[in-house]
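Positions are given from 1 along the sequence.
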Amino acid sequence: MPLLTREDLRHHSRYAWACLAALVTVAAWFWSLDKRDAAMGTAAALVGCLGLILPPRERMPVLPRRLRTIPRSLDATPVLMTLVVSPGYGLNWFYGANPYDEIVHLLNGVLTGLVFAAILRGDGRPHAAGELILAGFLFGLNLGTVWEGFEYVTGLIGDWTDTWTDVALTTFGATLAAAWAAHRARHDASAATAETTPPCLALRDSAAAE
């Protein structure tokens, strides 16, 4: 069997491919502005995103079940994160009196939180809303702390207020994503119950409720 089949491509997210096309445009834009390092960095990130999206993970038994079941609709998340971050480094938007840095941390917290919640739900068992939200909170807190440590080591960090604000925003974003995942899980469970309930029982329950 070929590494990538037509059926594999049918599973892919069109939105993710549209985001990849936008990322190519950003790289070309940086190149036209003579920002060659930013263009090459964006191109390298593009290759990395392709490495996450292209493999047919659904039929790769070597991968854990949690990774194989990540919805294809989330394939756009790493590309969106790159799109959000690229102008910050390419055009120096991270510096100066603007809210760009805060917006990036919040949005990327949401995007990574969505993927983390999908991985948690990938075991196929039901999860309580509180469990998902707490897990999202702890994930965001750890992610934000590790990233700020990286910024400190590499000299990218600002003052102490920038550090705790970034951690708080990343944590808040991941918690929001977990809350949304909990809402979707409850909705999916309700829909599954409705599909498996015989019409006569559903009618009886509806009459009893009235």
Above 12 or not: heavy atoms from other molecules or residues under 6.0 Å from CZ of R10?
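No, the 6.0 Å shell around CZ holds no more than 12 heavy atoms from other groups.
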Greater than 12 external heavy atoms within 6.0 Å of N98's CG:
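Buried by this count: over 12 neighbours within 6.0 Å.
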Could you work out, with side chain to side chain donor-acceptor pair (under 3.5 Å) as the rule, every residue matching D123, not counting sequence neighbours?
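Result, side chain to side chain donor-acceptor pair (under 3.5 Å) vs D123: R66, R125, H127.
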Would a hydrophobic clustering, with Ile, Leu, Val, Met, Phe, Trp and Tyr connected at side-chain separations under 4.5 Å, put [X] with [Y]?
X	Y	result
V26	L46	yes
L106	Y100	no
F30	W93	yes
L54	Y15	yes
Y152	L141	no

Show the nearest heavy-atom pair for residues [X] and [Y], with the distance to one decimal.
X	Y	value
V115	T77	CG2-OG1, 3.3 Å
H11	R72	O-CG, 3.1 Å
K35	L91	CE-CD2, 3.7 Å
G122	T69	CA-OG1, 3.4 Å
S86	T42	OG-OG1, 3.8 Å
S32	W29	OG-O, 2.6 Å

Please round to the nearest 0.5 Å and tell me the distance separating atom [atom1] of [X] and atom [atom2] of [Y].
X	Y	atom1	atom2	answer
T25	L20	OG1	CG	11.0 Å
D75	C19	CG	SG	10.5 Å
M81	L111	CE	CG	6.5 Å
L169	W164	CG	CH2	8.5 Å
L67	I119	CG	CD1	5.5 Å
L176	L107	CG	CG	10.5 Å

Taking it one step at a time, do V85 and V104 satisfy side chain to side chain contact (heavy atoms under 4.5 Å, CB included)?
CA-CA 7 Å; V85 169; V104 167; 3.9 Å; yes
Check whether any side-chain heavy atom of E58 lies under 4.5 Å from a side-chain heavy atom of E7, and answer yes or no.
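No; the side chains remain at least 4.5 Å from each other.
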Could you list the cluster mates of F139? Members are the ILVMFWY residues connected by side-chain heavy atoms closer than 4.5 Å, either directly or through other members.
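Same cluster as F139: F116, L120, L132, L143.
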Do T5 and D8 pair up side chain to side chain, a donor and an acceptor below 3.5 Å, judged on atom types alone?
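Short answer, yes.
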